[in-house]
Amino acid sequence: MTGTHYCNEPNLFLINMSSTGIIFNIQRFSVNDGPGIRTTVFMKGCPLGCRWCHNPESRSFGIEKISGQAVGKEYLIDELLEEIEKDRIFYDESGGGVTFSGGEPLSQPEFLKGIIKKCKNAGIHCAIDTAGYAKKEIFKELIGITDLFLYDIKLIDPVQHLKYTDVSNHEILENLDYLVKNKVKIIVRLPLIPEITAIDKNIEQIRDFLKKYKKTPEINLLPYHRIAENKYIKYGFKYMMINKKELDNAEIKHFQEIFINSGFNVNIEGN
Ligand code: SF4
């Protein structure tokens, strides 16, 4: 389906209520997706349409053929657990574990719950990397069994959020409130996209939004890289960031300082 993968439905919060899940990649030895050495499981389907998405092949729901290549594979919970267990020695030695990413892992809630329960029974640390656009009931069921949420905040202005991601940020911000109230361990991830999210006004709005919490969450900044451009070419998707330059170190440091000056603990991912 070259170039026709955009079958996202912005109001669709979940697709999969079964014990099988669709995974499009399993990346071993990840060091940026939570503590220690981790296995990152990339789950297929995402209701957002971020213009800078690094995994455009992940966004449509279901297994599909793009440019002659199958993207996505169905797994039973026990099959996936077996894959995750293969790296147990590295988790044990580094304080690592498994991170469920995507796409949007909360789009496959029953499968996600099932695999996390199995991992927890096996003593494996579990993190979820989410854009937060899901029903609160799904978070309710996951907070007791998930060790860490890596939670994306992109834009505070609702009009800009809708313009650049195709969905409202109302539920996303409400769900973050809900997680914080429930004292769940959270790291907020903020993609620094030139001229879109990486502008003073937005960064200050995010800082002010997070400042209202008694215990401010840790923040990880994710500077935009052009590395996904080749994927867009390979799969025949339209690349919407064509003229965007990467931020230089001084610009990244400037945005980091906006948070540091307000007492936040801020890291830059990939540095
Ligand atoms: S939330 Fe993540 S996976 Fe979904 S479109 Fe945005 S960047 Fe891509």
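We count residues from 1, following the sequence as given. We count ligands from 1, going down the list as the structure has it; atoms in each ligand are counted the same way.
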request  = Please confirm if an N, O or S atom belonging to C53, backbone or side chain, lies less than 2.8 Å from atom 8 (Fe) of ligand 1.
outcome  = yes
request  = Measure the distances from the heavy atoms of N55 to every atom of ligand 1 and state whether one is below 4.0 angstrom.
outcome  = no
ask   = E104: heavy atom below 4.0 Å from ligand 1, yes or no?
value = no
query = Of all the atoms in ligand 1, which lie at a distance below 4.0 Å from a heavy atom belonging to A131?
reply = 1 (S)
key: Per-atom contacts of ligand 1 with C50, taking only distances under 4.0 Å to non-hydrogen atoms   = 1 (S), 5 (S), 6 (Fe), 7 (S)
ask   = Looking just at side-chain N and O atoms, do Q27 and T39 make a donor-acceptor pair shorter than 3.5 Å?
value = no
ask   = Does any donor atom in the side chain of N32 or E269 lie under 3.5 Å from an acceptor atom in the other side chain?
value = no
message = Under a 4.0 Å threshold between the charged nitrogen and the carboxylate oxygen, would R51 count as salt-bridged to D166?
response = yes
request  = Identify whether the distance between the nearest side-chain nitrogen and carboxylate oxygen of K86 and E82 falls below 4.0 Å.
outcome  = no
ask   = Which atom pair, heavy atoms only, marks the closest approach of S107 to G45?
value = OG-O, 4.0 Å
ask   = So does C46 have any N/O/S atom less than 2.8 Å away from atom 4 (Fe) of ligand 1?
value = yes
key: same_hphob_cluster(I187, V31) at 4.5 Å side-chain heavy-atom cutoff   = no
ask   = Any protein heavy atom under 4.0 Å from atom 8 (Fe) of ligand 1?
value = yes
remark   = heavy-atom search around atom 3 (S) of ligand 1 in the protein gives G103 N, 3.6 Å
